[in-house]
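The next block holds one structure in the form of structure tokens; read it before the comments.
Letters go in sequence order (proteins before strands), and every chain restarts at 1.
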2 protein chains.
Amino acid sequence: MSKTSQPKRKTERSLKHNHDACIQTALARAEVRCAQEGERFTGLRRQVLELVWSEHKPAKAYHLLKKLSDIRSGVAPTTVYRTLDFLQERGLVHKIESLNAYVGCSQPNAEHSGHFLICENCSEIREIENSKISAWLERAAQDEEFKIKTETVELLGLCIRCQPA
Amino acid sequence: MSKTSQPKRKTERSLKHNHDACIQTALARAEVRCAQEGERFTGLRRQVLELVWSEHKPAKAYHLLKKLSDIRSGVAPTTVYRTLDFLQERGLVHKIESLNAYVGCSQPNAEHSGHFLICENCSEIREIENSKISAWLERAAQDEEFKIKTETVELLGLCIRCQPA
DNA sequence: GTTAGAGTGATATATTATAACTAATAACGC
DNA sequence: GCGTTATTAGTTATAATATATCACTCTAAC
């Protein structure tokens, strides 16, 4: 248990920032992106993406499965994995390999592998857009004459709010 | 079955480089390291580490389980995972998150997270010792005031031998 | 309106990992 | 050596993650 008499976290709402808008933006971008590629952004795909975005935390496939079952019928693991695969291929979600979980991509316009900061305390996840990282990794790989295709960079630790003073 | 009349691959031996010696070195280092930490390097632990090292490819837990069953009795998933956990905690093996597999650590003396180049064609894996990478990642994380505890860096692509000319 | 292909549903199963409890073994103080 | 304790390993069961396959449905395009 944590300390009991902690002050009520008035930040809770602000931490959620403008989350509804944030989801809506993601959905709108996904729609555009699919249209651009001649892909159909179906109801199922929209629902899954919305569920992935519904928290700023990595979403597990079977958690999504449960949530999805609440809003439609005939949902099986296949349904979820297939849809996540679709979204991943279009750069709309990323899989966090070290957690077996999925997050919405915050820069779906750019072709990129995601790089992530993951708080081991609160699970909040942050995609870092730091083009230098890829450049550095490329250089390191070149030293070994290795040709990178996909980068998995997942940094586990403590976000600023979860660090002890 | 594979093709029957293929030419004998004379490279096979050289590709294996000095692999027996390589394994022996790893085992010897593990023994020293465990002794230093007051841990027991038991028969089971030795066997598992040896199996992990037996190929220069990531080893899957259930593959190790099967191999291990050939040389001792009473082997269950728990046996393997428990032993791999032990070896991981001592820095003797790394888990490759993007493959759910394990590799022997080539620098067990240094405290470090591994950084890997993984060939998607031949599965050969190479741990890159590039202290700059950690430094770079630290810097990127600091920009976000994030405190890294463990780094997962897995670069999937083509090794030099598997690149088209 | 037919049709080809994409999308989804349904069922089964494979793969990866952990929990919880028991038995065996080694280390330690005496 | 001898019993005590802690560590290691064995045993059984089950949870969590992921894929394969086939059938049915919908939709876009003609």
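Per the geometry, CG belonging to B/D85 stands 13 Å off C1' belonging to C/dT16, to the nearest Å. The distance between atom CG of B/L64 and atom P of C/dA17, rounded to the nearest whole Å, is 11 Å. Computed from coordinates, the A/K66 NZ to D/dT17 C1' distance equals 16 Å when rounded to whole Å. A straight line from CD of B/Q88 to P of C/dA17 spans 10 Å, rounded to a whole angstrom. Per the geometry, CD belonging to A/E39 stands 12 Å off C1' belonging to C/dG5, to the nearest Å. Protein atom CZ of B/R72 is 12 Å distant from nucleotide atom C1' of C/dA24, rounded to whole Å. Here C/dG7 presents its P atom at 15 Å from CG of A/L84, a figure rounded to the nearest Å. As a whole-Å value, the separation of B/I71 CD1 from D/dA9 P is 13 Å.
A cation-pi geometry, defined here as NZ or CZ lying under 6.0 Å from the six-membered ring centre and within 45° of its normal, holds between A/R45 and A/F86.
Nucleic acid contact for B/R45: sugar-phosphate only, since backbone atoms but no base atoms lie under 4.0 Å from a heavy atom of the residue. Using a 4.0 Å heavy-atom distance criterion, B/T83 is classed as making no nucleic acid contact.
Under 4.0 angstrom from either OP1 or OP2 of C/dA17 there lies at least one side-chain N or O belonging to B/Y81. Remark: B/N100 is in phosphate contact with C/dA17, judged by side-chain N or O atoms under 4.0 Å from OP1 or OP2. Distances shorter than 4.0 Å separate some side-chain N or O of B/K95 from OP1 or OP2 on C/dA17.
Comparing A/P77 and B/P77 against DNA chain D, the residue whose closest nucleotide sits nearer the 5' end is B/P77.
Distance from the side chain of B/R82 is smallest to C/dA20 among C/dA20, C/dA10, C/dA17. For B/T79, the side-chain atoms get nearest to D/dG10 when compared with the rest of C/dT16, C/dG7, D/dG10. Listed candidates were C/dT11, C/dT18, D/dT17. Nearest to the side chain of A/K60 is D/dT17. For A/R40, counting side-chain heavy atoms from C-beta on, the closest listed nucleotide (D/dT27, D/dT11, D/dT19) is D/dT27. Side chain of B/L44, nearest nucleotide from D/dG10, C/dA17, C/dA10: D/dG10. Comparing D/dA9, D/dA18, D/dT11 by their nearest atom to the side chain of A/Y102 picks out D/dA18.
Evaluation of B/Y62 against the base of C/dT15 yields no stacking contact (centre distance < 5.5 Å, interplanar angle < 30° required).
Taking the six-membered ring for Trp and thresholds of 30 and 60 degrees, B/H19 and B/H56 have ring planes inclined between 30 and 60 degrees apart.
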Step-by-step side-chain hydrogen bond (donor to acceptor under 3.5 Å, both in side chains) determination, B/E127 to B/H115 = CA-CA 6 Å; B/E127 183 171 354; B/H115 302 143; over 6 Å; no
inquiry  = Run B/T152 and A/E97 through side-chain hydrogen bond (donor to acceptor under 3.5 Å, both in side chains) and show every step you take.
reply    = CA-CA 9 Å; B/T152 298; A/E97 298 288 352; over 6 Å; no
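A/L44 has its side chain out of reach of A/V75: every pair of non-hydrogen atoms, C-beta onward, lies at least 4.5 Å apart.
For A/T78 against D/dA20, a side-chain-to-base donor-acceptor contact under 3.5 Å is present.
Here the closest heavy-atom approach between residue B/Q163 and residue B/L158 is recorded as NE2-O, 3.0 Å.
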